[in-house]
Amino acid sequence: LSNADIALALLRGEIDVQTYWQESGQQRVRSAGVLLTEQQQVRSCKQLGRLAAALRRTAPDALLVQPAQLTESVAESQLAFDNYLVSLR
Amino acid sequence: MSASLPDTIEAVATAVRTGHLPIEQACTEQRTRFARINGQMHAATHINEKPLPDSTAELSAQPLAGVGLAHKDIFNSTGRHPGLGRHHGALDPSVVQAPVLQKLEQAGALNLGALTMAEDACAATAQTQHLPIPLNPLGAHLAVGGSSSGSAVAVASGMVYASLGTDTAGSVRIPAMTCGVLGLKTTHGLIERQAMAPLCPSLDTIGVIARSARDISSVMKVLSPQLDWQPRAARMAYWLEPEVLSPSIEPVVRSVMQSYTDARVDIASHEARSAAWQELIMIYEVGQTHRTRIASGQACKQVSALGQTGLAMPESWWQLALAERKPCLQGFMEVAFAQADVLLAPLQIDVLPAVDEIYVGHPAFSAAKLLALHHYCGWINYLGLPSLALPVGHDARGLPISIQLIGKPFHEPQLLALGQQILIDIHGEPGIMPVLRI
């Protein structure tokens, strides 16, 4: 599984947050040069799990996206939002 | 406010422009007042003693001539790095003033100093580790909200007429609410953020805190002259979740809302969805913004707690949150503004909290009461909409109760016109006066 697959699987509740942490999360934190204590790691896992649950509850349709559909760049998303805001002027 | 200083921005500027109040006198009196009240309130991290230019004629003709302002310590000012709630700032002749402060100065405003804030703009209260905590002018036992804490205290206590703050998840509206004044969170992208320290670039906005919507308008007309400052009358709707609000404030909130409109909308699902995406973006971007400080152990507790999770978060979640932003706003606009221009919505959930209840480490600390402060805030940042925090009544202790007016994008003039009308309906002329109950 790619990182994007794992990330979406966590959002959809198909894997648990501990699996995500082992497969991807821990590595992301380490590559940022951050070493977490066990307590900090537990807190981060809880926050990620809580966020994923909140999104499953409030935005289930948005989570059906396929990894390949996330190719729209961040800049494109931001531009689309900004342009829409301006259109409401 | 004092023998010669009028109560409103417009009145000060008019007095200076017409020669009834020489700008030198306005400057001296406001600096004296700023320093004197600050001695009691601990709102300032820096007091500006820069002399007026030799020739003041041009300055005296400007729209904010002689109006004393001071701002959240998050902007570069001439020759000074901001302190960001970490320290008193650092002098450096190479630092160039943020454009937003430059605009106000060119419009004749006096920059009286920099105002304290929650460290790195990342907390809902005024509590800081390294600087004195500002007091709430409504009573020293009452908490001050954050992160633009010094701005709200300075405005409520009469140190200044208005103050710029920043709002990422309520950091203008929350402190305004806790100090009983008004706070405008502006439309995403309306005011340039150059030379302002970022927290979450996708969500950060600059806002204005003042004692009236009219004073906020005076500042906003300088910062955003391109908006339509002759707004049409606003059609209103309201949204209320009575079960979420404390019985101590719910009847007041409901009564005020229903006195202005009987058009009720239900936006609960839009609010919940936007709030979840907003939290995701905030956590991710705090991690990215403060990556180096987190890694070196220099970040404050709040930044570390959010940012560590942000660094572990998959980038694709953040991409998805940004991709969903436009459809979320589209859906919200269709429901909230189908028959209305302004939405009256809750801001405050319970009576104003005491220091003991929401400052970490105090005996009666309640995480739930702390979280309640920004319950109704962050989702509006995700949608990018303007929102005005407005005191509309009092609880049994006589303390203010606030709601927020949410407008369409770039419709700040309409929001402020309605806010001023409601303020006068409820508080009478001239509106909210400075208080010092400490």
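Predicted model only: the values in this text are computed from it and were never measured. Residue numbers begin at 1 in each chain, while the letters A, B, ... track the order of the sequences.
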**Q.** Option in A:G33, A:C45, A:A4, A:A59 with maximal non-hydrogen atom pairs under 4.5 Å from chain B
**A.** A:A59
Q. B:F337 vs B:F332 aromatic rings, parallel, tilted or perpendicular, using cut-offs 30° and 60°?
A. perpendicular
**Q.** Which portion of B:A321 sits near chain A, non-hydrogen atoms under 4.5 angstrom
**A.** neither
Q: Look at A:S24, A:A52, A:S77 and state which one has the largest set of heavy-atom pairs under 4.5 Å with chain B.
A: A:S77
Q | Option in A:L36, A:I6, A:L85 with maximal non-hydrogen atom pairs under 4.5 Å from chain B | A | A:L85
Q) In terms of heavy-atom pairs under 4.5 Å with chain B, which of A:L55, A:V29, A:V34 leads? A) A:L55
Q | chain A interface, residue from B:Q319, B:M333, B:Q330 that has the most non-hydrogen pairs under 4.5 Å | A | B:Q330
Q | Which portion of A:L48 sits near chain B, non-hydrogen atoms under 4.5 angstrom | A | both
Q: Have a look at B:D167 and tell me which of B:K185, B:R173, B:R193 forms a salt bridge (charged side-chain N to carboxylate O under 4.0 Å, His left out) with it.
A: B:R173
Q.
Could you tell me if B:R291 and B:Q288 have a donor-acceptor pair between their side chains, going purely by distance under 3.5 Å?
A. yes
**Q.** Region of B:H188 that comes under 4.5 Å of a non-hydrogen atom in chain A
**A.** both
Q: Between chain A and each of B:L385, B:L383, B:L190, count heavy-atom pairs under 4.5 Å; write down the option with the most.
A: B:L383
(Q) Given heavy-atom pairs under 4.5 angstrom as the criterion, report whether the side chain, backbone, both or neither of A:D61 touches chain B. (A) side chain
Q: Examine the side chains of B:Q404 and B:S387 and answer whether a donor and an acceptor come within less than 3.5 Å of each other.
A: yes
Q | Side-chain touch B:L184/B:V219, heavy atoms, less than 4.5 angstrom | A | no
Q. Which one, A:A7, A:A80, A:G25, A:S31, leads in non-hydrogen pairs under 4.5 Å with chain B?
A. A:A7
Q. Is a side-chain donor-acceptor pair under 3.5 Å present for B:E241 with B:Y376?
A. yes
Q: Please determine, by modelled atom types, if B:S202 and B:E285 share a side-chain donor-acceptor pair under 3.5 angstrom.
A: yes
**Q.** Within-4.5 Å side-chain heavy-atom neighbours: B:F410 and B:Q226
**A.** no
Q) Hey, are the side chains of B:D228 and A:R89 touching, using non-hydrogen atoms and a 4.5 Å cut-off? A) no
Q: Name the member of A:L8, A:L35, A:L11, A:D82 that forms the most heavy-atom pairs with chain B at distances under 4.5 Å.
A: A:L11
Q. So what's closer than 4.5 Å to chain B heavy atoms on A:R50: side chain, backbone, both or neither?
A. side chain
Q) Looking at B:H270, B:M313, B:E324, which makes the most heavy-atom pairs under 4.5 Å with chain A? A) B:M313
Q) Relative to chain A, which segment of B:E412 carries a heavy atom at a distance below 4.5 Å: side chain, backbone, both, or neither? A) neither
Q.
If I measure from the heavy atoms of chain A, does B:W277 come under 4.5 Å with its side chain, its backbone, both, or neither?
A. both
(Q) Quick check: do A:L88 and B:L329 have side-chain heavy atoms less than 4.5 Å from each other? (A) yes
